[in-house]
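In what follows, a structure is listed as structure tokens, so that the remarks can point back to it.
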There are 2 protein chains.
Amino acid sequence: MITIGQLAKYVGVSIKTIRVYHDKGLLPEPDRDVSGYRRYDAKDAIDLIKIRTLAEAGVPLARIRDLRSATGEEFQQALREIDDELTASIRGLQATQVRLRELAAGHLAPLPTEVGAHLEHLARWGFTPRWVDLQRDLWILVFATYPDRAITLFHDQAETLANPALRQLFLDYDQAHDLDADDPRIDGLARRIVKATREHYGPDELPELDAASEIPALIQGTVNASSPAWRRLDTLIRAQLEA
Amino acid sequence: MITIGQLAKYVGVSIKTIRVYHDKGLLPEPDRDVSGYRRYDAKDAIDLIKIRTLAEAGVPLARIRDLRSATGEEFQQALREIDDELTASIRGLQATQVRLRELAAGHLAPLPTEVGAHLEHLARWGFTPRWVDLQRDLWILVFATYPDRAITLFHDQAETLANPALRQLFLDYDQAHDLDADDPRIDGLARRIVKATREHYGPDELPELDAASEIPALIQGTVNASSPAWRRLDTLIRAQLEA
DNA sequence: ACTTGACCTTTCCCCTGGGGCAGGGTTGCA
DNA sequence: TGCAACCCTGCCCCAGGGGAAAGGTCAAGT
């Protein structure tokens with residue numbers, strides 16, 4: 001009949017852990033000797049080893065406790081479930097490891113240099129610093145979120161801005177920030193943007209809308225929050241494109 | 001400038017999680033709007049994504065917080081360490097899975113039938129119930145701990161007990177339980193046991209001693225605790241074998 | 001016989017990584 | 001003007017223990 005300390009050392013857990021298991025009903029309290037010390041036998045040791053095997057598999061203590069009163073068949077079934085969960089969490093960790101390595105491999109780099117160059121272009125084309133900052137935030141987010149497709153999206157956007165007529169639309173969008181929400185010029189701008197969008201993508205497919213739902217609504221939220229006029233512009237454009 | 005709820009949804013965490021990260025200093029508290037709501041920008045979003053990547057790798061929040069002030073080189077070094085730890089914990093889970101499957105495969109079966117038969121033999125040979133119980137505990141433990149080697153050890157032991165002269169030594173060990181610790185018969189028994197051991201294994205290798213250090217000290221502890229005479233016997237045998 | 005150190009007992013609060021609730025204020029939309 | 005859906009802070013809860021306090025017990029050495 002060994003003491004709690006010997007049992008703990010043998011199984012490789014702390015004394016505290018064994019007492020916690022008693023408190024939570026995982027391991028029955030053994031008899032005490034004359035001085036009130038707990039005294040354990042070999043059965044307790046193998047019970048404890050089983051409990052630890054399950055606990056190390058991530059099974060919550062309450063579930064291990066319930067398993068104590070399970071039949072053989074229920075127990076086997078539970079073990080299969082636990083095994084599956086274990087497999088899933090191993091897969092999860094492996095996926096995390098992949099992401100960790102992507103992080104290490106430099107996807108923390110703020111932005112490709114060509115994007116930085118493009119942002120400087122914007123200022124020279126007459127966009128406000130506010131707009132440039134917004135664009136920087138947008139591309140950081142897009143590159144963080146869709147590292148593989150971001151550069152394509154970026155080239156597409158850069159090409160659009162190389163066209164002076166289209167660029168003017170964006171300049172007008174930028175300027176609209178400070179208009180009153182009910183300024184009639186907003187309606188005109190919305191119509192022109194919708195028209196250009198339809199010409200660019202055809203009447204059937206509107207990839208920009210799809211892209212916009214993937215490219216974080218975060219940015220549109222930012223845009224809308226900072227100006228009532230922009231909010232109205234967004235509402236008008238969406239309504240006309242969906243019509 | 002988005003709200004906490006939008007940020008949470010975007011990154012895929014709970015609002016609570018973000019607030020916890022503020023409290024723990026992982027993510028700086030952003031500015032508040034006029035109504036006291038936190039307002040976030042894209043930088044916060046990518047910071048949060050980085051934090052989540054590390055947190056999902058099992059990195060404690062305190063360590064992630066410290067990483068915030070690390071240089072690029074320190075950060076890369078930390079990532080390598082985290083990667084290694086992740087590999088180790090995946091290995092650990094896989095090992096747990098193996099043990100879980102052993103458990104499911106029936107290593108919970110108390111004891112092979114031939115061991116049960118052997119224990120009944122012991123009683124008929126004149127061993128006390130106390131000795132038989134001790135042997136049962138021992139074999140339960142050995143089969144739980146070394147499932148692959150236990151049956152070999154058991155056959156070895158059964159063979160030894162089939163020899164009447166050697167069996168008498170164990171019977172004498174059993175009987176010695178109730179002697180006084182300073183009874184001279186204990187010294188005689190110790191000498192006979194040491195002699196038999198040397199004859200059985202030769203003078204150079206003493207596999208029983210090695211096995212005894214692997215086969216849980218738990219049992220020897222139990223043995224020693226239950227009788228001063230047995231304790232003395234153990235001490236004498238060890239001293240003479242090591243000499 | 002006494003001390004010493006290692007062990008044991010109980011109770012209590014601490015930690016991490018959040019979840020959930022209470023009780024209140026704010027915003028947007030009809 | 002109402003209502004749902006936000007947001008705020010503060011609080012307690014969970015698992016799975018760690019560690020400290022304050023005391024009882026045991027074996028060894030002197």
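If you're wondering where the values come from, they're calculated on a predicted model, not measured in any experiment. Protein chains get the first letters and strands the later ones, always in sequence-line order, with residue 1 at the start of each.
Taking side-chain N and O atoms only, A:T3 has a distance below 4.0 Å to OP1 or OP2 of C:dC8. In terms of phosphate contacts, B:S14 brings no side-chain nitrogen or oxygen within less than 4.0 Å of OP1 or OP2 of C:dG18.
Of the residues in residues 28-38 of chain B, those with a non-hydrogen atom less than 4.0 angstrom from any atom of DNA chain C are B:S35, B:Y37.
Taking 4.5 Å as the limit, some side-chain heavy atom of A:Q94 sits within range of a side-chain heavy atom of A:R91. Looking only at side-chain heavy atoms (C-beta outward), A:R38 and A:T3 stay at 4.5 Å or farther from each other. Side-chain contact between B:R191 and B:K195 is absent, with no heavy-atom pair separated by less than 4.5 Å.
Look at CD on A:Q6: it is 10 Å from P on C:dC7, rounded to the nearest Å. Atom CD1 in B:I64 sits about 9 Å away from atom P in C:dG18, given to the nearest Å. Going from atom CD1 of A:I4 over to atom P of D:dG17 covers 14 Å, rounded to whole Å. As a whole-Å value, the separation of A:I2 CD1 from C:dC7 P is 14 Å. Spacing between atom NE2 of B:H22 and atom C1' of D:dC7 amounts to 13 Å, rounded to whole angstrom units. Between the CG atom of B:D23 and the C1' atom of D:dC12 there is a distance of 15 Å, given to the nearest Å. Atom pair B:I15:CD1 and C:dT26:P shows a separation of 18 Å (rounding to whole Å applied). As a whole-Å value, the separation of A:R19 CZ from D:dA20 C1' is 13 Å.
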Polar atoms only, N or O, under 3.5 Å: list the protein pairs with nucleotides 13-16 of chain D and their distances.
| from | atom 1 | to | atom 2 | distance (Å) |
| --- | --- | --- | --- | --- |
| D:dG16 | OP2 | A:L61 | N | 2.6 |

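The minimum heavy-atom distance linking A:D174 with A:W230 is given by the pair O-CZ2, 3.6 Å. Across all non-hydrogen atoms, the minimal contact from A:S14 to A:A8 is C-CB, 4.0 Å.
Looking at B:E73 and B:R80, a side-chain N of the basic residue comes within less than 4.0 Å of a carboxylate O on the acidic one, giving a salt bridge. Taking 4.0 Å as the cut-off between side-chain N and carboxylate O, B:D41 and B:K43 do not count as a salt-bridged pair. Under a 4.0 Å N-O distance rule, the pair B:D187/B:R232 qualifies as a salt bridge.
A donor-acceptor contact under 3.5 Å is formed by the side chain of A:K16 with the base of D:dG18.
Note that CG of B:L61 is 12.0 Å distant from CG of B:L67, once rounded to the nearest 0.5 Å.
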